[in-house]
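Report on one structure; see the data block that follows.
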Amino acid sequence: MQPVSVVPLAPPVLLGMFREVLESSLVERGAAQGLELLGHADDFWRALPLVELQRMAQGGNLNAQAELAWRSAVGEGMAQSVAEAIQWATRSAERECPAGEAVLGWLLYQGMGLPRDYGEAARLFERAALADDSRGMTWFALCLLRGHGVIADASRGSDLLRKAAGQGSPVAQYWLGRLLYLGEHFAQEYTAAAQWLARASERGVPQADDFFARCHFFGRGVTENRSEALRLWRLAAASAVPSAMFCLGLCLYAGEGGAANHAEAVGWFRAAARQQVAAAMFLMGQCATFGFGVTPDPEVGLGWYRRAAECGNREAEFELGEAYASGRTHLHRDLEEAVRWWRAAAQQGHARAQLKLGHCHRWGEGVAEDKAIALAWYRRAAAGGEASAHIWLGECHEHGEGIAADPVAARGHYHAAAEAGSAHGLAELGRCQLQGIGGQADIARGEAALKQAAEGGWQPALDELERYWFTEGERHFFGHGTVTDPSHARTCYRKAGELGHRRAAYKLAECLRHGLGGPVDAAQALTWYRRAATLFDAKLALADLYYHGEGVARNYREAVRWYEQAVAEHEDAYALYSLGFCLLHGQGVRRDPKLALRLLRRAALLGDTHAQYELGAAYYRGRVVNKNLRLAMKWLRMAASHGQAEARAFLERIEGGQALN
C-alpha cells in the first residue's frame, strides 16, 4: 500500500483541484439548498444608515420596511433576527409593496422562520416582478429556470433575468454571469459571463467577485491574470464567501498570483472548513500532516481527513483508506475499513481508489477475491484517467484473470498506458514487442521501448531486456528451439551483459576465453569476467587467468585473492584445491602447510583428484607433514583410480623403486 502523499504544487494538479472544487457541488450548494443571501434592492437602500432606515420603516415607508426585513434576515449591520424579518416583510407585503413581497417570498423559499413553500414564494416573486422589483424579477426568473414552485419555463426565465440585469440589478447581473459561466440553463459563454460578473463585482456583490476571480484565474472571457484573481478572492473571502475563502487559501498554499504563504493559507482553509467546505478540510489535513503553515501533527491531520471524508470529499476518503491500509498514526491496520473508504472515493470517480479496489478484489485483500469485479474496477479507473490501470487490465487479459486470455487486448492496454506516459506501461509494451505477444514481434522497437522506459524511471525494464537477451543467448548457444549458433549467442550475451546481466557477462567471457562463436580474446574475457565478478564462477575464472597469465600478466598474488573470495563464497572442490596448492607451494602468498593441507583435504573429500594427488605426495615425501605411507597410498590410489595421470605416474615410480623428490 502506498504511504500518504502530499498534494503536489505543480500547475496541472493545482488547476485540477481548482476545477474540481469550483465546478462541482462541493462548494456550489446554492442550487441545491436555495437562493443565496444576496443584495439590496438598489444603491439608495444600500447607502442608507440603519438608524434612518428604522425611522422610515416605523414611519410607515413600505420600501424601508422591506429593506429592514432583509437586513434583519441576513444580519447586515445589525443582529440577525428572523422574527423581525418576518414581521417587517409581512407588514410591507400586506400593503402590496413589491419589495416586501419579494423579501417575504425569499423567506418562504428558504424556509427561514416559516414553512418552506416554493409555490407561495414563486407567487410573491411574480407579483414583485410584474412591478419591476429587481429582486422579485431575479428570484422569479430563477424559479422559472429551475421549476421551483412554478412550471419550468427556461425561455421566460432567461428573458426576465436578462431584463433585470439590463435594468442594473446587481443581483440579476451576478446570477446571469454565474449561469453563463457554468452553462446552466444558458449556453456556456465565458465572455458574456465575464462582462456581467464584472458589472456585479463593481456594484459590490461578493459572490460576483468570486466568479469573476475564476474568470481571471483560468483566462475565461478575460485575459488570464492570477494576481487579479487573488485580489478578487480576497474581497470575496472578506465577505465570507466559502468558495472564495478556499480558493484564496489554495493560491497562498501554492504561490499562485503572489508569494506562497502557508500560515495564511491555513487560516483561510480553516475558515472555509467552518463553512463546511470539505476540500478545505482535506487541505487542513495535508497541512497538519506535512507541517505546511502549522506544526506537523499526523494525528491532527488524520482527524481533518476524517472530517473531510465524512463530508464526502473523495480525496480525504482515499487518504483515510490509505491510513487504514498501512496502519498509519494510531490506527490499527484494517484492510476491510480501508476498502470501505476506498469504495466511497471510488464511487465518486476517484481513479486511484478504483485502482486500489481492483487490487483488493483481484488478490482478496480486505474483501472476497473476485477477478471479474477487479477487472470492472480496473476498467473504471482506466476510464477515469489512471494510466496504470491499463497495465493491470493488460495483465488480466494476458493471463486470463476474470476474462478469457486475450494477448491482443493485453497489448492494446499496455499501449494505452504507454501513450498516457506510463514508463511501466511502455516497458510492458516493449516486452510484448520483443516476444511477439499479441502481435508481430519487433525486436528493435521492443528494445527501444524498454530502454526508454528505464530512462523514464522504470528500472525493471532493463531487467526485462537483460533477461530477454540472456534467454536468447542460451537458446542459440544450446539450440533450444532453434539451430545451435554460438556466434549469435555471443552477440546476445554481449547485449545482456552491457545491460548489467552478470550471468550473461560470464557466459560472454567464457566464449571469448575459449573461442566459442568467434576468436579467442583472453584480454576481453578478463574484462567481462570482472563485470561478472560477483558470481562465484567468475571469481574462479579470474583467479585462473591471473594464475596462468591468460590475457594479463601472470600475478599469483591476484590469483590468490580471487581464489580466497571463491572459497569464502562456496565449498567448491576446485577452488579449495587451487587455494591449497598456492598455500602449499608459496605462490602469491606466504607458505602455510597446515592451512594448505586442511584445504586440500576438504577438496579431496569432495572428489578433486588433483587435491588427492597433492595430499598423497605430501604424506609420502613427509616434507610439510609427518610422513604417513598408509595415508599417502590411500590418496594416491584414490586419485589414480579416477584417472589422475600424475598419481598413476607417482605410483608406477614407487612400484619401480625409483627415487621420488
Side-chain angles (χ1 to χ4, degrees), residues 474 477-478 502-503 506-507 509-511 513-516 525 529 532-550 554 556-656 658 660-661:
E474 295 285 89
F477 189 86
F478 295 106
R502 290 170 296 178
R503 179 57 59 182
Y506 170 75
K507 293 296 291 282
E510 288 283 281
C511 291
R513 182 182 181 187
H514 302 293
L516 303 172
Y529 280 133
T534 55
L535 300 178
F536 168 79
D537 293 341
K539 290 183 174 76
L540 209 51
L542 281 166
D544 282 346
L545 288 178
Y546 279 105
Y547 187 90
H548 297 291
E550 291 183 51
R554 178 174 287 173
Y556 289 141
R557 184 181 297 277
E558 188 68 5
V560 167
R561 188 174 73 84
W562 286 109
Y563 283 138
E564 286 175 335
Q565 290 188 41
V567 166
E569 183 174 330
H570 191 57
E571 186 81 354
D572 178 79
Y574 178 73
L576 290 163
Y577 157 72
S578 299
L579 182 57
F581 185 90
C582 289
L583 287 162
L584 186 65
H585 298 286
Q587 293 180 327
V589 66
R590 178 177 293 183
R591 292 180 63 189
D592 189 338
K594 289 184 179 180
L595 178 57
L597 289 173
R598 284 202 301 271
L599 293 170
L600 289 170
R601 188 176 292 110
R602 285 162 61 188
L605 290 170
L606 290 170
D608 188 281
T609 59
H610 295 288
Q612 292 164 358
Y613 164 71
E614 289 292 337
L615 276 174
Y619 279 116
Y620 188 88
R621 292 187 176 104
R623 292 174 183 168
V624 295
V625 65
N626 291 332
K627 190 167 184 175
N628 188 323
L629 293 178
R630 183 183 64 80
L631 287 176
M633 298 308 291
K634 169 191 168 183
W635 290 115
L636 288 168
R637 285 170 179 157
M638 186 182 295
S641 69
H642 290 94
Q644 214 280 342
E646 288 177 292
R648 284 181 175 177
F650 201 97
L651 286 171
E652 288 174 0
R653 290 168 69 186
I654 292 173
E655 291 169 359
Q658 297 179 33
L660 295 166
N661 295 324

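These numbers come from a predicted model, not from an experiment. Residues take their numbers from the sequence shown, with the count starting at 1.
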With a cut-off of under 6.0 Å to the ring centre and 45° to the axis, is Lys627 in cation-pi contact with Tyr620?
-> yes
Could you tell me whether Glu564 and Arg561 have a side-chain N and a carboxylate O separated by less than 4.0 Å?
-> no
Thr534 backbone acceptor or donor facing Lys539 side chain under 3.5 Å = yes
Measure across Thr609 and His642 and return the closest heavy-atom pair with its distance rounded to 0.1 Å.
-> CG2-CB, 3.5 Å
Report yes if the side chains of Leu540 and Trp562 come closer than 4.5 Å at any heavy-atom pair, otherwise no.
-> no
Heavy-atom distance under 4.5 Å between the side chains of Leu576 and Asp608, does that happen here?
-> no
At what distance, to the nearest 0.5 angstrom, does CD of Gln612 lie from CG of Leu605?
-> 8.5 Å
Smallest heavy-atom separation, Ala533 atom then Leu542 atom, equals CB-CD1, 4.1 Å
Any side-chain donor-acceptor pair under 3.5 Å between Asp544 and Tyr529?
-> no
Quick one: pull up CG in Leu584 and CG in Leu595 and give me the separation to the nearest 0.5 Å.
-> 10.5 Å
For Ala603 and Ala611, the nearest pair of non-hydrogen atoms, with its separation, is CB-CB, 3.6 Å
Shortest non-hydrogen separation from Asp572 to Leu606 and the atoms involved = C-CD1, 4.3 Å
Do the side chains of Asp537 and Glu510 get nearer than 4.5 Å, heavy atoms only?
-> no
Test log, rule side chain to side chain contact (heavy atoms under 4.5 Å, CB included), inputs Phe477 and Leu516 = CA-CA 9 Å; Phe477 189 86; Leu516 303 172; 3.9 Å; yes
For Arg513, does the CZ atom sit with more than 12 other heavy atoms under 6.0 Å from it, leaving out its own atoms?
-> yes
Indicate the atoms forming the closest heavy-atom contact of Ala532 with Ala538, along with that distance.
-> O-CB, 3.1 Å
Distance (rounded to the nearest 0.5 Å) between His610 NE2 and Glu614 CD | 9.5 Å
Does the side chain of Lys594 reach to within under 4.5 Å of the side chain of Val624, using non-hydrogen atoms?
-> no
Is any side-chain heavy atom of Leu600 closer than 4.5 Å to a side-chain heavy atom of Tyr577?
-> yes
Atom pair CZ (Phe650) and CZ (Arg637), whose distance is rounded to the nearest 0.5 Å | 12.5 Å
Do the ring planes of Tyr547 and Tyr556 sit parallel (below 30°), tilted (30 to 60°) or perpendicular (above 60°)?
-> tilted
Specify the closest pair of heavy atoms between Ala575 and Ala566, including all atoms of both residues, with the distance to one decimal.
-> CB-CB, 4.1 Å
CA sep, side-chain torsions, deciding dist, call: Gln644, Met638, side chain to side chain contact (heavy atoms under 4.5 Å, CB included) = CA-CA 9 Å; Gln644 214 280 342; Met638 186 182 295; over 6 Å; no
Can you measure from CG (Leu615) to CZ (Arg601) and round to the nearest 0.5 angstrom?
-> 6.0 Å
Between CH2 of Trp635 and CG of Asn628, what distance do you get to the nearest 0.5 Å?
-> 12.0 Å
